[in-house]
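Just so you know, ligand 1 is whichever comes first in the structure, and atom 1 is the first atom listed for that ligand.
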Amino acid sequence: MSTYLPPIDDIVEALDLVGLDELAALGAYPEADATTVRDLLDGFGRFAADVLAPTDRVGDREGAHLDPATGAVTLPDPIAKAYRRYVDAGWGAVAFPPGHGGGGMPRLVGTAMTEILTSANLALSLNPVLTQSAIELLAQWGDEAQQARYLPRLVTGEWTGTMNLTEPDAGSDLGAIRTTAEPGDDGAWRVTGTKIFITWGEHDLADNIVHLVLARTPGAPPGTKGISLFLVPKVLDPDGAARPNAVRCTALEHKLGIHASPTCVMVFDGAEGELVGELHGGMRAMFTMMNAARLAIAVQGLATGEVSGQQATSFARERRQGRAPGAEPGTASPIIEHPDVARMLLDIRASTRAMRLVLYLTAQQTGVAAHHPDADRRAAAQARVDLLTPIGKAWCTDTGFRLASEAVQVHGGMGYVEETGIAQRLRDSRIAPIYEGTNGIQAIDLVTRKLARDDGAAVHELLADISATVAEAAEGGPELGRTAVVLAGAVHALRTATAWMLDAGRATPANALVGATAYTELCGITVGGWLLTRRALAAASTDRAAEAATDATVFAVEVLSSAPGLASRATAGAAHLSPI
Ligand SMILES: Cc1cc2nc3c(=O)[nH]c(=O)nc-3n(C[C@H](O)[C@H](O)[C@H](O)COP(=O)(O)OP(=O)(O)OC[C@H]3O[C@@H](n4cnc5c(N)ncnc54)[C@H](O)[C@@H]3O)c2cc1C
């Protein structure tokens, strides 16, 4: 039986708050009205709970298997069957344009579906997530013929996509990649090299796998400027002779978590490929895929918080231990009544809801950036997406792991053994701060590019919006007033740290680089606190008012109160560092 209950009311409330209606009014998403979206999410929630979530434990226990003789990778049968049902039902196609065979929903709705999918089975979710990111890339950078050949079956999920960047000596620094692509006599390129850590690089869930591979062509300039992007299918001429391409999985990694997601060493041995986008324009094109995937990986933090909270709360209702304040003498209280346990559970709930709002807002803004009739509004939305992407990826994935750890703590000793399943949440969520650009790299991207490129203008726009909410909340009664004070402190801390980053960071780059992680966390908690406060204001006269106010207060006390300390860390400079 599944233990995951899709929080459809919470999801719909978040969609509403970040502006699903604004997207529906743009004309580009005629189906995205509130009723249709709710029905869709109800249906997908049932599917995820009944079909996908029950495969989560078996996937963790059995993992993926490689046959070294053939290079074939197989998944446990329940996983393969669940994926087929996902494809047959057409769930993967929902958030793509009808022109490519999709259902025409915005990425915001797609992000809500990714949350549900990831909560049900994080390891399996990586397969559709990478496929969907590959679709984004091909929709933007593929030529007409490539789009016609590959998009329809990627959109249905009959074929899946992979991202081939990492090599043994090229991880965070992709400029160091050595895989080559040489022009062949037949007009195709021949790709040769070894890629490591390739998620779902080989498997038996789909008829074809579309590898998107970064490689270097003869005479290309060094570094990232000389990288091109190639599409290398596992099966060539799939509708004709169906020849296997010269690409093979030679090993699977044994990992801490996400056991049902095969992490492959892929050897390309003169594999036939086609150039996607411009020669030497590979990094630019791949960033389309990476940015889509970064948002989806950030959702792993949110999903981890959601399922960890559900499991920990139900455990804490059952488990009795000690006497809670005010309880009858002689009886053991459910641990949920102990103030310290209640604190942890409320922190998980509030932080999870904050993450949901941050990531849904980012997704909503991608729709505004693409389709708003006013060019200034499009540009402002894109600036916000660019800013929130590294913040969301780093803050949400770190927070997801923190919340999984807190949920383990709620379980006591039962959290450390595998029986309850909460240990899997901790193991599965640990990768998210590492892949898709480590959180250290996200922080550096934020301070050296996103912040520096417009002299902090996008951050100041954000701070202005947050300050408006502070002013509104200050008038909203004692509980919201208390939150407003903490949020105002965070705004001050972020404004100070931003000025310092632009100033000291420019003067001495090491100063900005050493403070970048603390700065990114400061941004994350401030945006999270802002959106929870907006939610509390919006819910003020509804039946969710008390819960929304509690979430905002808990987040202010437990999380946002650390803003001044983070600002101190962000602005400490590099002078205290010494060789280790
Ligand atoms: C389970 C799993 C799945 C993966 N899936 C894929 C996939 O599908 N496709 C793919 O291409 N890759 C994939 N990866 C690879 C992943 O993206 C890389 O592991 C990640 O980008 C980090 O690279 P690295 O492991 O080489 O670490 P390194 O780059 O060696 O980094 C090690 C540490 O040094 C830090 N560091 C490195 N450079 C800097 C710098 N300039 N400044 C400050 N700190 C720095 C990092 O933040 C990190 O803390 C996957 C990895 C795993 C484990």
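- Aromatic ring orientation, His211 versus Phe268: perpendicular (interplanar angle above 60°, classes split at 30° and 60°).
- The Met163 neighbourhood of ligand 1 comprises atoms 7 (C), 8 (O), 9 (N), 10 (C), 11 (O), with distances under 4.0 Å to a heavy atom of that residue.
- Taking atom 36 (N) of ligand 1 as the reference point, the nearest protein heavy-atom neighbour is Ser172 OG, 4.3 Å.
- Under 4.0 Å is where a charged nitrogen must lie from a carboxylate oxygen, and between Asp56 and Arg425 at least one such pair does.
- A donor-acceptor contact closer than 3.5 angstrom is absent between the side chains of Gln140 and Glu136.
- Distances from atom 14 (N) of ligand 1 to the protein include at least one heavy-atom value under 4.0 Å.
- Ring planes of His203 and Trp200: perpendicular class, angle over 60° (limits at 30 and 60°).
- The shortest contact between atom 24 (P) of ligand 1 and any protein heavy atom is with Gly171 CA, 4.0 Å.
- Numbered from 1 in the order shown, with element, the atoms of ligand 1 that lie under 4.0 Å from a heavy atom of Ile431 read 1 (C), 2 (C), 52 (C), 53 (C).
- In summary, the atoms of ligand 1 found under 4.0 Å from a heavy atom of Ile444, numbered by their order in the structure, are 42 (N), 43 (C).
- Scanning the protein for heavy atoms near atom 40 (C) of ligand 1, the closest one is Ile441 CD1, 3.9 Å.
- Under the 4.0 angstrom criterion, atom 34 (O) of ligand 1 counts as lacking any protein heavy-atom contact.
- Contact atoms of ligand 1 toward Ile434: 20 (C) (distance under 4.0 Å to a heavy atom of the residue).
- In summary, Asp77 and Lys81 engage in a salt bridge, as defined by a charged side-chain N under 4.0 Å from a carboxylate O.
- The distance criterion of under 3.5 Å between nitrogen or oxygen atoms is met by Phe197 with respect to ligand 1.
- We find that Lys234 and Glu202 are joined by a salt bridge, their nearest charged nitrogen and carboxylate oxygen being less than 4.0 Å apart.
- A salt bridge links Asp169 with Arg178: the closest approach of a Lys/Arg side-chain nitrogen to an acidic carboxylate oxygen falls below 4.0 angstrom.
- For the 3.5 Å distance criterion, the side chains of Thr571 and Tyr519 fail to qualify, holding no donor opposite an acceptor.
- Shortest contact from atom 8 (O) of ligand 1 to any protein heavy atom: Thr199 N, 2.9 Å.
- Remark: the Thr179 side chain and the Glu167 side chain contain an N/O donor-acceptor pair separated by less than 3.5 Å.
- For ligand 1, the atoms sitting less than 4.0 Å from at least one non-hydrogen atom of Glu436 are 17 (O), numbered in the order shown with element in parentheses.
- Side chains of Thr520 and Asn439: a donor-acceptor N/O pair is absent below 3.5 angstrom, by distance only.
- Polar contact with ligand 1: present for Thr166 (N/O pair, distance under 3.5 Å).
- Of all protein heavy atoms, the one closest to atom 49 (O) of ligand 1 is Thr438 CG2, 4.7 Å.
- In terms of polar-atom proximity, defined here as any N/O pair under 3.5 Å, Tyr435 makes no such contact with ligand 1.
- Heavy-atom contacts of Lys255 reach the following atoms of ligand 1: 1 (C) (cutoff under 4.0 Å).
- For the pair Leu165 and ligand 1, the shortest N or O to N or O distance falls below 3.5 Å.
- Counted within 6.0 Å of CD on Gln147, heavy atoms from surrounding residues, nucleotides or ligands total more than 12; the atom is thus considered enclosed.
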